[in-house]
Amino acid sequence: MSSPRRGTAVKAAQFVLVVLVMSGFMTVFVVSARRMLGLHIGVIRALSGGLVSLAGLGVFNLVMQRPEQQGILTGVQFGSTLLLTMGFLAAWEVVLPSGSIGSPAGWPRALKSRVARGRRYSHIVSIAVRHGLRPYLRGRSGEGAAGGAARLARPLRLALEEGGPTFVKLGQMLSTRHDMLPREFVRELSRLQYQVSPAPWPAVEEALVAAYGVPLETHFKEFEPTPLAAASIAQVHVVWLHDGGKAVVKVLRPGVRPVVERDLDIIRRLAAMLERRTRWARAIGLVELAEGFAASVHEELDFRVEAANIATVRAARARRRQDDAVRLPTVHASLSGESVLVLDWLVGEPIGAATRLAAADEDDRARWAHTLLSTLLDQVLVDGVFHADPHPGNILLLDDGRVALIDFGAVGRVDAQLRAGLKLFLLAVNSGDPAALCDALLQIVERPDEIDERALERALGRFLARHFIPGSTPQVQVFADLFRLVAGYGLAVPPEAAAVFRALATLEGTLTTVCPGFHMVDEARQVTGGRRGGPAAGKSTGPSSSVPSPEPAVPAELLAAWELLRRLPRRLDRVTSALEQGRLGVGVRLFADARDRRYVRSLVHEVLLTFIAATSGVMSAILLSIERGPEVIPGTGLFQLLGYHLLVITAVLVLRVLFIISREDR
């Protein structure tokens, strides 16, 4: 009995030893191949590479090792196995890059999502084909042809309307981008409208109960099932609180989140595909545009962002101690969350459809328009946080004669440096100085490495002469012309600055509704120039008639000089301290940019690898061609043995170089 047991134990120990040795070989080959290729691989890929290495090791052992050569070609055998493992992992990485399929645990969910996305993608593509957009998607026709933009604009609008609310929102956002789209697109996309029927009350009630975790009667005395307004992402209901107060509840439409997420994913993929295939998509930076749009939509899906935006704008106004000419909604924080937002009821009507607006006289209309303009300019130039979508539906005309801003889902933010650049820009426009305007513009935009400043200054001078000559009335279209001028010189407008001009363009349409004949650009020049604005400012008694300008009435050059003088003492202190301590010096670095250093380092690395591989290959060929020499064993010479090993090293280095230069992230 003891002998069979001992034999079983010995076999088990031998099996464990074999498994450990095989695992060790697999680990060594996979880790070495991964390090040679510079890859980060998962468990599945590592296990597959290990099995390939074991199979290759066994095959090479049978092919290369004759009894009389036992142990002589072990290095060649191991090197060939490493080469096989590297080739397997490199081919897998090329066909299916790391991270493209996620972890195995998420494969079922990913497959389900892929099927749903595939159906939606097919539907979107069929819409594009039905409206004649297929040639433009391929980039094979229509580009650069006369009238191509006019032919494409209308089918694009119709396709976006049929695509659904997310695509309509994308089109509405594009319609404000005068800086990157031709006039035909802007004009056509501005007509986008999407009528959304409200979600049924039982589904909305179920979503509210799920958000609160308790019946609605716990928080609300009465809830109006019929929505006050319905949009593509949310809808608004009127409620009465237990204390008798009236409020509005903004609730996320049931089931809208996965639909929007799927559409946003499709928009990103379409943008990436179009940027690879078409010149027009690369010219406008479609991928970056899609990412910015997706980020803004994600914020609209979380009402906590809107509540925080309202608090930020209210706090900024409190720091300015501004009067209460423009009201902001009050958030009931205890009743609000990610999918529900409860706001105080503001007694009034949307300003675009207000009955009091039609009966108002010219002075009141001018006062309201000037109040809205000065409020937005204060938010941009002083506070650094502003309402980014001031269309007529987001502005209420209250019964007490004031106006109110609502829907803070879209808010822009401007840092101190950009605010200073915008102030200089507006003051330079007001003074008509092209040199100051050029300096201010280069402070706002993302400046390229090389630019002809003199040519840009002359172009800006022509721009000022065309739009701001004495007696002219500049319109908001000047922003579109300015954007096209900027794009012509390779200057990229940062998203924050583009949001400012987009909000001003939206506000211009609102102010035209409030006060026909109100010239927003001219009024903005007067406000930033330190004068009272508005055609009826002298007669108005409202608070907006005496809104101070963001800066004193000084020329743009003096303001620019003040910004320089303000920073000068700190810089002088650093220089004098270094001089006193004997540390003052001037250094010039050839590769100051980290991107340049990385590029040179990778280039030198690849050149050295290529040189070593070529040298090794030549040496192996020379050694293998030598017929005479000392023999290690009968039939195998020392030079041949060295040549075989160098040949394997050459193959490994060549594979590494080829894989590095072919990777997409270079």
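The main-chain N or O of V239 is never found under 3.5 Å from a side-chain atom of W345 such that the two would form a donor-acceptor pair. Side chain of Q235 to main chain of A199: a donor-acceptor pair is present (N/O by atom type, distance under 3.5 Å, no hydrogens or angles). Side-chain N or O atoms of T506 include none that pairs as donor or acceptor with a backbone N or O of D389 at under 3.5 Å. With hydrogens and angles ignored, the 3.5 Å screen pairs no side-chain donor or acceptor of D383 with any backbone N or O of V385. Judged by distance alone, the side chain of Q443 and the main-chain N or O of A420 form no donor-acceptor pair under 3.5 Å. With hydrogens and angles ignored, the 3.5 Å screen pairs no side-chain donor or acceptor of T166 with any backbone N or O of V260. The closest donor-acceptor contact from the side chain of S126 to the backbone of H123 lies under 3.5 Å. No side-chain donor-acceptor contact under 3.5 Å links R356 to the backbone of E349. A donor-acceptor distance shorter than 3.5 angstrom exists from the side chain of H237 to the backbone of E224, with no hydrogens or angles considered. Remark: side-chain polar atoms of E306 are paired, donor with acceptor, to backbone N or O of F408 under 3.5 angstrom.
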Should V500 and V414 be marked as a side-chain contact (heavy atoms from CB on, under 4.5 Å) after you check the CA-CA gap, both sets of side-chain angles, and the distance that decides it?
CA-CA 8 Å; V500 172; V414 183; 3.8 Å; yes
Test log, rule side-chain contact (heavy atoms from CB on, under 4.5 Å), inputs L156 and E188
CA-CA 9 Å; L156 177 61; E188 191 68 34; over 6 Å; no
For V209 and L216, what are the C-alpha separation, side-chain angles and deciding distance, and is it a side-chain contact (heavy atoms from CB on, under 4.5 Å)?
CA-CA 6 Å; V209 171; L216 297 183; 4.3 Å; yes
Evaluation steps, ring-ring contact (aromatic ring centres under 6.0 Å, His included), between W201 and F223
CA-CA 11 Å; W201 169 245; F223 207 110; 5.1 Å; yes
Which is it for L252 and I233 under the side-chain contact (heavy atoms from CB on, under 4.5 Å) test, yes or no, and what are the steps along the way?
CA-CA 6 Å; L252 205 65; I233 290 180; 3.5 Å; yes
Could you walk me through whether K250 and D407 pass the salt bridge (Lys or Arg N to Asp or Glu O under 4.0 Å) test, one step at a time?
CA-CA 10 Å; K250 188 176 180 181; D407 194 356; 3.3 Å; yes
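Contact detail for A360 and W368: the closest heavy-atom pair is CB-CZ3, 3.6 Å. For the pair A294 and R268, the tightest heavy-atom approach, listed with the atom from each and the gap, is CB-NH2, 3.3 Å. In terms of heavy-atom proximity, P329 sits nearest to L405 at CD-O, 3.0 Å. Nearest approach of I395 to P390, heavy atoms of both residues: CD1-O, 3.8 Å. Of all the heavy atoms in A234 and F303, the pair that sits closest is CB-CZ, 3.7 Å. Here the closest heavy-atom approach between residue A503 and residue A388 is recorded as CB-O, 3.9 Å.
Taking CG of L373 as the start and SG of C515 as the end, the distance is 11.5 Å to the nearest 0.5 Å. Rounding to the nearest 0.5 Å places CG of L170 at 10.5 Å from CG of D263. Note that CG of L372 is 10.5 Å distant from CZ of R367, once rounded to the nearest 0.5 Å. One distance of note links CD1 of I267 with CD of E291; it measures 11.0 Å at 0.5 Å rounding. Atom CZ in R419 sits 13.0 Å away from atom CD1 in I444 (nearest 0.5 Å). To the nearest 0.5 Å, the span separating NE2 on H370 from CG on L511 amounts to 11.0 Å.
In this structure the side chain of R365 reaches within 4.5 angstrom of the side chain of L357, judged on heavy atoms. D378 places none of its side-chain heavy atoms less than 4.5 Å from the side chain of L376. Between L158 and E162, the closest side-chain pair of non-hydrogen atoms is not below 4.5 Å. Side-chain contact between L343 and T330 is absent, with no heavy-atom pair separated by less than 4.5 Å. When side chains are defined from C-beta on, E299 does not count as touching V411, because their heavy atoms never get closer than 4.5 Å. Side-chain contact check for V403 versus L396: every heavy-atom pair is 4.5 Å or farther apart. F518 places none of its side-chain heavy atoms less than 4.5 Å from the side chain of T512. With contacts defined as side-chain heavy-atom distances shorter than 4.5 Å, the pair L328/R317 qualifies.
Using a 4.0 Å cut-off between a side-chain N of Lys or Arg and a carboxylate O of Asp or Glu, D265 and R269 qualify as a salt bridge. Between R257 and E338, at least one side-chain N (NZ, or NE/NH1/NH2) sits under 4.0 Å from a carboxylate O, which counts as a salt bridge. Ion pair R413/E496 not flagged as a salt bridge, since none of the NZ, NE, NH1 or NH2 atoms sits closer than 4.0 Å to an Asp/Glu carboxylate oxygen.
Using bins of under 30°, 30° to 60° and over 60° for the plane-to-plane angle, the ring pair Y212/H219 lands in the tilted bin.
If you check the side chains of H298 and E300, you find no donor sitting under 3.5 Å from an acceptor.
Around NZ of K221, the count of heavy atoms belonging to other residues, nucleotides or ligands within 6.0 Å does not exceed 12.
Under the side-chain contact (heavy atoms from CB on, under 4.5 Å) test applied with V236, the options V249, V251, V248, L341 reduce to a single match, V248.
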